[in-house]
Amino acid sequence: MKQRSRQPSFPRLIVFLGNPGNAYTRSRHNFAWMVMDSLFPDQQGWKEKFHGRFLRQDNLVFLKPLAFMNNSGKSAAAALHFFGWPLEELLVVHDDLETPFGTVQCTFGGGHRGNNGLRSIITLCGGNDFWRFRLGIGRPPGGRKPGDWVLERFSPHEEALLPEITTESARFLLEQCGKPQEKKLVFA
C-alpha cells in the first residue's frame with residue numbers, strides 16, 4: 001500500500017476541468033463541465049473570479065476555470081490562496097483516459113495520468129495530495145493519438161449514455177463532498 005504524505009480531508013473547493021469555446025462543448029475533455037451542468041443547470045448565482053466562475057454554496061466552493069485545460073492550475077491556486085485552504089481540501093473533477101468510459105472513480109493523491117489540467121494544478125498548487133473525481137473516457141482505439149481523442153465528441157453510443165452518467169455522477173460527487181472515500185461506480 002502506498003504511503004500518503006498527508007491524511008485526506010473533506011473537500012471544500014470543487015474544480016471542474018474543461019476547455020472554453022463552442023468547439024469543445026461536447027468533447028470528452030469537457031466531461032467535467034457536463035457533470036457541472038447537471039448539478040447547476042441554470043448557473044445562477046455564479047460570480048467571476050479566480051480566472052473563472054465560482055459559486056459558494058454552504059461550506060463548498062464550486063469553480064469552473066475559464067482558461068484552457070493546460071492553465072487550470074492558475075484558477076485552483078488562486079482560489080485556494082484566497083480562501084486560505086490547504087491543498088488536501090481540493091477536489092478536481094476531470095476526464096480520465098486510464099479509466100474506462102462509464103466508470104467514475106474518486107481517489108486521493110496520485111499523478112496526472114497524462115491530463116494536462118491535473119499537471120498544471122500539481123505544478124501551480126505545489127503537490128498532488130488532493131482528491132480526484134475521475135470521469136472515465138477510456139483510451140483511444142486503434143492507435144489514435146490521445147491528444148486528438150480528448151478533443152473529439154463522444155461516440156453516438158456514448159452520447160446516448162451521457163444523461164444517466166452525468167446525472168448519477170453529479171449525485172455521487174455531492175455524496176463524496178460530504179463524506180469522501182476512495183470509491184468507484186460503473187454505469188455502463
Side-chain angles (χ1 to χ4, degrees), residues 2 4-19 29-40 43 45-47 49-67 69-99 103-137 165-185 187:
K2 71 179 181 182
R4 290 199 176 110
S5 60
R6 301 188 186 199
Q7 285 295 102
S9 300
F10 287 90
R12 293 203 284 179
L13 176 63
I14 317 306
V15 178
F16 298 88
L17 300 187
N19 279 325
H29 234 7
N30 280 27
F31 202 175
W33 286 9
M34 294 176 205
V35 171
M36 185 195 71
D37 289 343
S38 182
L39 267 176
F40 306 104
Q43 307 266 321
W46 290 70
K47 299 176 183 171
K49 195 172 183 137
F50 315 122
H51 312 284
R53 300 185 74 227
F54 80 99
L55 174 69
R56 190 161 196 165
Q57 191 174 72
D58 300 320
N59 294 328
L60 301 174
V61 173
F62 297 93
L63 176 63
K64 177 183 181 178
L66 294 179
M69 177 81 71
N70 300 357
N71 295 315
S72 299
K74 286 172 58 175
S75 287
L80 284 172
H81 177 74
F82 178 84
F83 292 108
W85 293 338
L87 184 58
E88 298 79 26
E89 294 181 1
L90 169 66
L91 183 148
V92 179
V93 183
H94 64 91
D95 60 290
D96 188 60
L97 283 166
E98 304 303 329
T99 302
T103 301
V104 177
Q105 187 171 17
C106 191
T107 62
F108 185 84
H112 55 73
R113 294 169 73 156
N115 184 301
N116 288 328
L118 285 179
R119 180 179 282 131
S120 174
I121 289 170
I122 290 167
T123 299
L124 295 176
C125 293
N128 61 4
D129 286 330
F130 57 89
W131 289 98
R132 284 117 164 107
F133 193 85
R134 302 178 190 278
L135 301 165
I137 61 169
I165 293 172
T166 57
T167 300
E168 290 303 310
S169 293
R171 183 198 55 72
F172 181 44
L173 175 61
L174 291 177
E175 174 187 304
Q176 291 299 305
C177 290
K179 187 175 181 186
Q181 56 183 317
E182 294 194 341
K183 188 174 176 182
K184 173 170 56 174
L185 293 181
F187 297 109

Short side-chain to backbone donor-acceptor contact, Asp129 and Gly109, under 3.5 Å: no

Test: Arg171 and Glu175 ion pair at under 4.0 Å: yes

For the student: nearest non-hydrogen atoms of Phe31 and Gly136, plus distance: CE1-O, 3.6 Å

Minimum heavy-atom distance Trp46-Phe62, with the two atoms named: CZ3-O, 3.6 Å

Heavy-atom closest contact (Ile122 atom, Gly111 atom, distance): CD1-C, 4.1 Å

Contacts of Arg56 that satisfy side-chain hydrogen bond (donor to acceptor under 3.5 Å, both in side chains) - sequence neighbours left out: none

For the student: nearest non-hydrogen atoms of Cys125 and Leu87, plus distance: CB-CD1, 3.7 Å

NE2 on His29 to CG on Leu135, rounded to 0.5 Å: 12.5 Å

Rounded distance (nearest 0.5 Å) linking atom CG of Asn128 with atom CZ of Phe130: 6.5 Å

Nearest-0.5 Å distance that lies between atom CG in Leu173 and atom OG in Ser38: 10.0 Å

Minimum heavy-atom distance between Asn19 and Trp33, given as atom pair plus value: O-CZ3, 3.1 Å

Counterpart residues, side-chain hydrogen bond (donor to acceptor under 3.5 Å, both in side chains), relative to Asn116 (two or more places apart): Arg119

Residues that Phe54 engages under ring-ring contact (aromatic ring centres under 6.0 Å, His included), provided they are two or more places apart: Phe50

Listed partners of Phe133 passing ring-ring contact (aromatic ring centres under 6.0 Å, His included), at least two apart: Phe172

Check: Glu89 side chain, Leu13 main-chain N or O, donor-acceptor pair, under 3.5 Å: no

Any Pro11 side-chain heavy atom under 4.5 Å of Pro180 side chain: yes

Gap between atom CG of Leu17 and atom OG of Ser72 - 0.5 Å precision: 4.5 Å

Working for side-chain contact (heavy atoms from CB on, under 4.5 Å), residues Asp37 and Gln43: CA-CA 8 Å; Asp37 289 343; Gln43 307 266 321; 3.1 Å; yes

Under the side-chain hydrogen bond (donor to acceptor under 3.5 Å, both in side chains) test, residues paired with Gln57 that sit two or more places apart: none

Flag side-chain contact, heavy atom, 4.5 Å: His94 against Leu118: yes

Beyond-backbone contact of Val15 with Ser75, side-chain heavy atoms, under 4.5 angstrom: no

Thr123 (side chain) donor-acceptor with Ser120 (main chain) under 3.5 angstrom: no

Point-to-point distance, once rounded to the nearest 0.5 Å, from NZ of Lys74 to CG of Leu66: 11.5 Å

Atom of Gln181, atom of Gln176 and distance for their closest heavy-atom approach: O-OE1, 2.7 Å

Residue pair Phe83 / Arg12, side-chain heavy-atom distance below 4.5 Å: no

Nearest-0.5 Å distance that lies between atom CG in Leu63 and atom CE in Met36: 9.5 Å

Close side-chain approach of Leu97 to Asp95, heavy-atom, < 4.5 Å: no

Residues in side chain to side chain contact (heavy atoms under 4.5 Å, CB included) contact with Thr99, at least two apart in sequence or another chain: Asp96, Thr103, Gln105, Arg113, Arg134

For Ile14, the option from Leu55, Val93, Val61 that meets side chain to side chain contact (heavy atoms under 4.5 Å, CB included): Val93

N/O donor-acceptor pair under 3.5 Å between Arg132 side chain and Gly110 backbone: yes

Side-chain (Trp85) to main-chain (Leu90) donor-acceptor, under 3.5 angstrom: no

